[in-house]
Amino acid sequence: MFLKAKRLSKLTLGPVLLFLSLISNGAWAAEAESWRHRFQFNLPIGATDVGAQIYGLHMLVFWICVGVSVVVFGAMFYTVFAFRKSRGAVASQFHESTTLEIAWTIVPFVILIGLAFPATKTLLEIYDNKSADLDVMITGYQWKWKYEYIDPQGNNVSFFSSLRTPQSEIYNEEAKGQDYLLEVDEPLYLPVNKKVRFLVTGNDVIHSWWVPELAVKRDAIPGFVNEAHTKAIKTGIFRGQCAELCGRDHGFMPIVVNVVSQDEYDAWLGKKKAEATELKALMEKEFTLPELVERGKGVYERTCVACHGVNGEGGIGKPLAKSAIATGDIKTHLGIVIHGKAGTAMQAFGGQLNEVDLAAVVTYERNAFGNNMGDSAQPVDVYKLKKGQ
Amino acid sequence: MAGQSTSGHEHYYVPEQSKLAIFAAFGLFLSVYGAARVINHAHYHADEPSSAGFLLLAGLAVFIGTLFAWFRTTINENRAGMNSAQLKHSYVLGMQWFIFSEVMFFLAFFGALFYVRVLAGPWLASMGDKSMNHLIWEGFKFQWPLMQTPQQAVGLAKQYMANNGTFSGPHENLSFPGFSKMFHWLPLWNTIILLSSSFTVHLAHSGIKANNRGQLKFWLGVTVALGLSFVFLQYREYHEAFTELGLTLHSGIYGSTFFMLTGFHGFHVIMGATILLVQFLRATVAGHFSDADQFGFEAASWYWHFVDVVWVGLFLFVYIL
Amino acid sequence: MGEHHHGPAKGLTRWLYTTNHKDIGTLYLWFSFAMFILGGSFAMIIRAELFQPGLQLVHPEFFNQMTTMHGLVMVFGAIMPAFVGLANWMIPMMIGAPDMALPRMNNLSFWILPFAFAMLASTLFMQGGAPNFGWTFYAPLSTTYAPPSVTFFIFAIHIMGASSIMGSINIIATVVNLRAPGMTYMKMPLFVWTWFITAFLLVAVMPVLAGAVTMMLMDIHFGTSFFSAAGGGDPVLFQHVFWFFGHPEVYILILPGFGVVSQIIPTFARKPLFGYASMVYATASIAFLSFIVWAHHMYTVGLPVAGELFFMYATLLIAVPTGVKVFNWITTMFKGSMTFETPMLFSIAFVFLFTVGGLSGVMLAMAPVDFQYQDTYFVVAHFHYTMVAGAIFSLTAATYYWLPKWTGRMYSETMGKTHFWLSFFAFNLTFFPQHFVGLAGMPRRIPDYALQFADFNMVSSIGAFFYGSSQILFLFNVIRTIRSGRPITDPKVWEGAQGLEWTVATPAPYHTFTTPPEVK
Ligand code: HEA
Ligand code: HEA
Ligand code: CUA
Ligand SMILES: [Cu+2]
């Protein structure tokens with residue numbers, strides 16, 4: 001509803017209409033989530049102790065700034081008001097006062113020391129990543145996140161999490177949903193009241209994993225593992241976004257974290273582990289060509305289309321239609337998709353896609369865009385290639 | 001302060017309009033534009049012909065030609081007696097702060113060197129600070145010079161992050177080989193050469209101060225020769241690095257810092273030697289400089305000393321330590 | 001040669017070949033204004049896209065290019081050259097010098113810029129588009145993942161840096177060497193002082209920027225691995241090198257502004273500047289501190305905690321000398337006899353709004369809290385308060401203040417005041433709400449945003465269109481003044497003005513101080 005009002009005001013562009021629409025929105029916003037939500041203008045207190053401390057610090061430094069402003073601007077406006085020529089003010093000529101100057105050097109200094117103490121304390125706490133109950137490895141990709149639950153027994157569970165908002169909403173062809181741009185296909189699940197350590201890294205460029213309510217923001221630097229931690233003290237869904245410019249879709253790689261009870265968490269993890277076993281079974285299966293092509297089309301449209309185009313016409317990436325590689329030796333083709341091409345935007349997808357998807361996408365590329373090769377790769381082939389056989 | 005109020009304040013030579021600047025700016029632009037075209041062409045369209053090289057050469061010709069004219073103009077103005085002591089001091093200041101800016105340029109690269117040696121390298125190998133980087137670079141050990149890159153340690157195919165280049169360390173490095181082999185070690189000879197050239201340029205300076213032109217010419221000539229032999233030895237060293245040691249720009253951070261530092265230094269030596277050569281020609285062919293006025297020479301010698309000091313830093317931090 | 005007796009040459013070659021500090025100053029000022037319009041149009045595209053949620057005008061790639069080019073053009077094309085223009089015009093006149101110390105090089109410094117920015121702007125039309133990695137161009141987004149135009153960007157930065165270095169060497173030489181007899185360092189006007197210190201900052205950090213882009217060039221095209229962990233380098237190394245340049249750079253953008261305001265406030269308060277000496281020392285302390293705080297832009301990259309603490313303490317410290325300046329300005333006005341001509345209005349707004357920006361800077365300096373602020377619109381709000389209400393407002397003030405001296409004509413005060421009030425309100429309308437969306441969690445550099453940020457963004461966009469259009473008034477006022485403003489001849493222009501520049505004729509003759517004045 002209020003989106004329509006916005007479009008109207010966009011058309012007219014008049015400030016008057018803007019205000020009307022603002023007021024009207026305020027009054028009729030029954031279905032708009034809530035006033036408070038729409039006009040949020042402060043940091044969230046969040047769901048962690050550290051977050052609450054940060055919030056406290058934020059309010060402290062904020063009120064100090066307000067205090068300084070009141071004094072400084074008060075003095076300034078009084079001066080501007082009182083000593084105007086039009087009121088007959090005559091300029092005095094003093095231009096020095098050592099006492100005054102010492103005073104206003106020392107007072108701010110003392111205030112700053114007052115700020116530095118609590119800040120140091122909180123900072124040390126943020127940096128204390130020891131004795132976590134759970135380790136989650138977070139890897140930023142252009143433009144999605146990979147989460148990997150590190151399992152002491154080696155049964156790591158991992159999956160990718162990417163934007164779920166459809167293009168039609170982004171391009172204003174459909175009404176935008178409640179969580180527009182803040183929704184993902186697979187959220188991260190965390191147990192409540194557990195200290196979780198995040199191992200944050202990047203795969204390609206620098207990203208930054210940020211969930212305000214968990215009070216974590218850590219840059220994901222390719223080749224380096226950063227540490228951070230959180231301990232949510234209440235359950236709920238917490239949303240965040242990538243906070244470091246990472247290329248085209250930087251604005252479109254949100255983060256959703258479901259903090260749930262331990263039981264729910266265990267159930268979810270169990271499900272994930274079962275899925276992984278299922279995938280293993282798939283890996284041993286012989287797929288038919290149409291099966292692979294169909295699956296591969298999906299993979300292609302999710303992962304490759306951005307660079308290689310809908311019809312394999314290329315873009316950032318080389319054209320695949322009739323390309324020497326897509327119509328040449330299938331091993332080379334698999335190889336370039338698995339290992340990428342050094343020094344170009346073509347990444348190594350071997351770590352991002354599972355064997356089934358890799359086999360499927362390569363098969364798809366060889367049988368689409370007029371390539372009609374008619375051959376296919378099976379998951380085992382990929383597996384062998386990855387293992388260097 | 002005190003000096004300046006007495007020194008020819010009545011006449012500060014402000015040149016007439018001059019075409020020099022606009023030509024220099026244009027030449028500079030053409031050079032970098034051409035260079036960018038050449039580089040991009042080699043990277044993205046290496047298989048097609050390109051005329052960018054011509055732009056680069058034309059740009060350099062305009063730029064260098066203009067600089068030549070520029071220096072000739074200033075030299076002639078000075079010799080025509082148009083420069084007050086105060087104006088000469090402006091040139092002195094200009095040169096000094098130019099050298100300072102060069103120092104800062106080198107500092108960026110030295111900073112990079114210290115950063116990777118002291119901080120980033122050990123972090124990558126999870127040394128000391130218990131970092132978790134071994135999750136990515138399992139098996140990587142840090143040592144300096146870096147003979148095996150993190151990528152090599154884990155293997156290209158098993159590399160965790162997106163691949164943006166292949167970096168393989170050298171087979172051998174150019175560090176201090178120990179006292180027994182010291183005399184087969186080029187950097188030592190280079191150090192000796194460069195240090196003595198600083199000394200010889202000083203002798204040349206004393207020569208002109210004492211109005212002994214013979215001394216000036218001789219030692220200046222020797223300095224230029226030393227500079228050129230340094231360049232030659234450096235060339236030999238690079239040749240050896242590329243052909244025998246496997247040390248190239250692709251050899252990871254050791255190769256990167258090594259070639260950038262020594263390369264920029266070498267470039268400055270070539271520049272410095274050229275400038276000194278010009279001063280040599282001025283002294284011998286044109287008979288410039290006197291015991292009272294030899295700023296062109298002096299500026300060149302400061303530059304040379306600066307290049308020398310940078311080398312001492314290089315010798316210590318790139319080769320020895 | 002009779003070089004003191006000629007007036008300006010005629011025609012285009014006057015500008016191409018000039019060695020006159022006033023001509024070169026004029027060139028710089030017009031150039032920077034053109035860049036302000038260019039950078040401003042990019043900002044208008046940004047704000048139009050952000051007017052409401054969803055993508056309506058531009059694609060994300062192009063949006064990133066706009067953000068990048070906006071930042072680059074504004075910082076390197078608008079503000080820095082504008083201050084160099086002022087320096088060219090004013091420093092020789094303020095210290096009683098015949099011209100800049102190295103006049104031909106002065107012309108070279110200028111003429112590099114149009115070429116550099118033409119090259120930078122041309123990247124918009126290249127295959128793959130213009131630089132799209134933010135004005136801070138973090139590797140590896142700006143190396144491995146950059147569009148081909150990055151090579152042109154790198155070389156543009158190189159020659160632009162060369163121009164800045166030459167420009168600042170010139171200023172250093174002028175100030176050290178060309179002061180009139182009796183003009184001791186501690187008698188120099190503050191504008192000269194602040195520029196003198198800025199020039200040192202420039203000579204120290206521009207070469208470091210050159211180093212940073214050189215490393216990029218090598219990584220992209222020649223196989224080095226400065227910023228690649230696979231070869232033993234570190235992407236964060238780039239950030240260290242960049243911010244070692246970048247933080248002093250933000251003071252480069254503001255210190256001359258401090259100088260301008262320190263000239264204007266005494267004039268219209270009709271009272272000498274309070275605490276001259278402490279102003280000088282404060283400026284020097286800010287410059288010194290600026291070298292040891294760079295990592296406050298990198299709190300979230302995973303620095304060791306000791307480093308984090310060091311940079312937090314050092315950053316907080318900067319509030320002290322800056323506070324000294326603010327207090328000095330206010331005390332200068334205290335017990336003055338104030339009038340509020342346009343330059344004074346902009347100066348008072350400067351003190352007010354810059355302090356707001358400075359205070360949000362102190363909030364950002366608190367490392368633990370910066371974890372929540374970093375890379376949000378809160379930061380965007382902070383730096384527009386310091387750079388638009390700081391640098392741009394002081395430049396505007398300076399233009400109104402010295403325009404009568406430059407042209408011998410008076411601008412329209414009514415139009416000037418209108419321009420001020422429009423700018424003041426529109427500026428706040430644009431950037432104040434950005435604090436709120438930032439705190440509420442809106443990241444910067446995004447072309448599209450979640451619904452809860454919609455209303456404030458719309459307000460901000462409206463403000464931005466207003467702010468942008470009110471600058472037309474400024475442009476118009478300046479052109480009108482030059483062509484048909486009321487002629488004035490009083491050397492002093494402003495009743496309370498002090499200093500050598502007000503002793504020469506109005507309009508300032510083509511050559512001033514062919515023999516140095518005696519300063520007592
Ligand atoms: C003109 C430019 C300018 C200026 C002057 C400043 C001034 C300051 N800046 Fe700002 N800053 C920028 C331009 C500027 N900044 C830009 C462009 C960025 C973003 C770059 C990017 O990422 O793109 C940035 C980002 C930035 C960050 C990083 C934020 C982030 O990315 O997470 C930080 C963090 O510490 C910071 C701090 C400060 C501080 C402490 C000051 C101080 O100098 C302010 C000092 C002034 C005052 C404090 C007010 C007056 C003082 C008093 C009245 C005394 C009493 C006060 C107290 C006791 C509190 N700035
Ligand atoms: C120093 C300089 C400076 C100045 C003056 C400005 C001025 C403005 N900036 Fe800015 N801005 C930056 C420096 C500056 N900015 C930087 C460094 C960044 C970070 C970039 C990055 O993230 O990498 C940034 C980022 C930035 C963003 C965030 C973008 C993002 O994160 O995606 C936004 C968004 O609102 C914005 C808006 C504006 C607006 C509305 C103005 C307005 O004040 C502009 C108003 C001016 C004009 C509109 C031009 C003048 C108009 C006329 C004279 C009218 C006549 C016109 C014609 C005849 C055509 N800027
Ligand atoms: Cu990922 Cu921004
Ligand atoms: Cu800073």
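Every value quoted in this text rests on a predicted model; they were computed, and no experiment measured them. In what follows, chains are A, B, ... by sequence order, proteins preceding strands, each numbered from 1.
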> So does A:Q93 have more than 12 non-hydrogen atoms from other groups sitting under 6.0 Å from CD?
Replying inline: yes

>> Among C:L55, C:L317, C:D375, C:N328, which residue has the highest count of heavy-atom pairs closer than 4.5 Å to chain A?
In response: C:L55

> For A:Y180, is it the side chain, the backbone, both or neither that has a heavy atom under 4.5 Å from a heavy atom of chain C?
Replying inline: both

> At a heavy-atom separation under 4.5 Å, does A:Q142 approach chain C through its side chain, its backbone, both, or neither?
Replying inline: side chain

>> Ignoring hydrogens, what is the shortest heavy-atom contact between C:P447 and C:F63? Give both atom names and the distance.
In response: CB-CG, 3.6 Å

> Above 12 or not: heavy atoms from other molecules or residues under 6.0 Å from CZ of A:F94?
Replying inline: yes

> Relative to chain C, which segment of A:I206 carries a heavy atom at a distance below 4.5 Å: side chain, backbone, both, or neither?
Replying inline: both

>> Shorter than 4.5 Å, heavy atoms on both sides: which option in C:V236, C:V305, C:L273 has the most such pairs with chain A?
In response: C:V305

>> Shorter than 4.5 Å, heavy atoms on both sides: which option in C:H435, C:R444, C:Q374, C:M312 has the most such pairs with chain A?
In response: C:Q374

>> Please classify the contact between C:D448 and chain A as side chain, backbone, both or neither, with a heavy-atom cut-off of under 4.5 Å.
In response: both

>> Let's go through C:F274 and A:S97 carefully: what are the C-alpha distance in whole Å and the side-chain angles of both, what is the deciding distance for side-chain contact (heavy atoms from CB on, under 4.5 Å) to 0.1 Å, and is it a yes or a no?
In response: CA-CA 9 Å; C:F274 184 86; A:S97 159; 3.9 Å; yes

>> Please identify, among C:Y299, C:F378, C:Y313, the residue contributing the most non-hydrogen atom pairs under 4.5 Å to chain A.
In response: C:Y313

>> If I measure from the heavy atoms of chain A, does C:V356 come under 4.5 Å with its side chain, its backbone, both, or neither?
In response: both

> If you count heavy-atom pairs under 4.5 Å between each of A:V72, A:L115, A:D204 and chain C, which one has the most?
Replying inline: A:D204

>> Less than 4.5 Å to any heavy atom of chain A: does that hold for the side chain of C:A269, its backbone, both, or neither?
In response: backbone

> When only pairs under 4.5 Å are counted, which of A:W210, A:W104, A:F224 shares the most heavy-atom pairs with chain C?
Replying inline: A:W104

>> For the OH atom on C:Y281, are there more than 12 heavy atoms of other groups (residues, nucleotides or ligands in this structure) within a distance under 6.0 Å?
In response: no

> In terms of heavy-atom proximity below 4.5 Å to chain A, should C:A230 be classed as side chain, backbone, both, or neither?
Replying inline: neither

> What distance do A:I111 atom CD1 and A:I106 atom CD1 have between them, rounded to the nearest 0.5 Å?
Replying inline: 12.5 Å

>> With side chain to side chain donor-acceptor pair (under 3.5 Å) as the criterion, how do A:H58 and C:Y373 come out once you've worked through the C-alpha distance, each side chain's angles and the decisive distance to 0.1 Å?
In response: CA-CA 10 Å; A:H58 159 70; C:Y373 304 142; 2.5 Å; yes

> Does the pair A:F83 and C:F334 meet the rule for a ring-ring contact (aromatic ring centres under 6.0 Å, His included), with working shown?
Replying inline: CA-CA 7 Å; A:F83 304 104; C:F334 189 76; 5.0 Å; yes

> Is there a donor-acceptor contact under 3.5 Å from the side chain of C:Y449 to the main chain of C:L50?
Replying inline: yes

> Side chain, backbone, both or neither: which part of A:F252 has an atom under 4.5 Å from a heavy atom of chain C?
Replying inline: side chain

> Within 45° of the axis and under 6.0 Å from the centre of the six-membered ring of A:F81, does NZ or CZ of A:R87 qualify?
Replying inline: yes

> Non-hydrogen atoms of chain A under 4.5 Å away: do they reach the side chain of C:A139, the backbone, both or neither?
Replying inline: backbone

>> I'd like to check C:K271 versus A:H95 (side-chain heavy atoms, cut-off strictly below 4.5 Å). Are they in contact?
In response: no

> Side chain, backbone, both or neither: which part of C:Q239 has an atom under 4.5 Å from a heavy atom of chain A?
Replying inline: side chain

> With respect to chain A, which residue among C:I446, C:V369, C:T136, C:T376 yields the maximal number of heavy-atom pairs within a distance under 4.5 Å?
Replying inline: C:V369

> At a heavy-atom separation under 4.5 Å, does C:I220 approach chain A through its side chain, its backbone, both, or neither?
Replying inline: neither

> Given that the side chain runs from C-beta out, which part of A:Y171 has a heavy atom under 4.5 Å from chain C: side chain, backbone, both or neither?
Replying inline: both

> Short question: side chain of C:N132, backbone of C:E61 - any donor-acceptor pair under 3.5 Å?
Replying inline: no

>> Using heavy-atom distances under 4.5 Å, tell me whether C:M333 contacts chain A through its side chain, its backbone, both, or neither.
In response: both

>> I'd like to know which of A:V80, A:T105, A:I64 tops the heavy-atom pair count under 4.5 Å against chain C.
In response: A:V80

>> With a 4.0 Å cut-off on N to O distance, would you call A:R218 and A:E244 a salt bridge?
In response: no

> Relative to chain C, which of A:G223, A:P212, A:P108, A:A75 shows the most heavy atom pairs under 4.5 Å?
Replying inline: A:P212

> For C:Y138, is it the side chain, the backbone, both or neither that has a heavy atom under 4.5 Å from a heavy atom of chain A?
Replying inline: side chain

> With only heavy atoms counted, which part of C:Q65 is less than 4.5 Å from chain A, the side chain, the backbone, both or neither?
Replying inline: neither

> Is it the case that more than 12 heavy atoms not belonging to A:F109 sit under 6.0 Å from its CZ atom?
Replying inline: no

> A:E173 and A:S168: side chain to side chain donor-acceptor pair (under 3.5 Å), yes or no, with the steps?
Replying inline: CA-CA 5 Å; A:E173 288 145 12; A:S168 52; 5.2 Å; no

> So which of C:G336, C:A365, C:G323 has the biggest tally of heavy-atom pairs under 4.5 Å with chain A?
Replying inline: C:G336

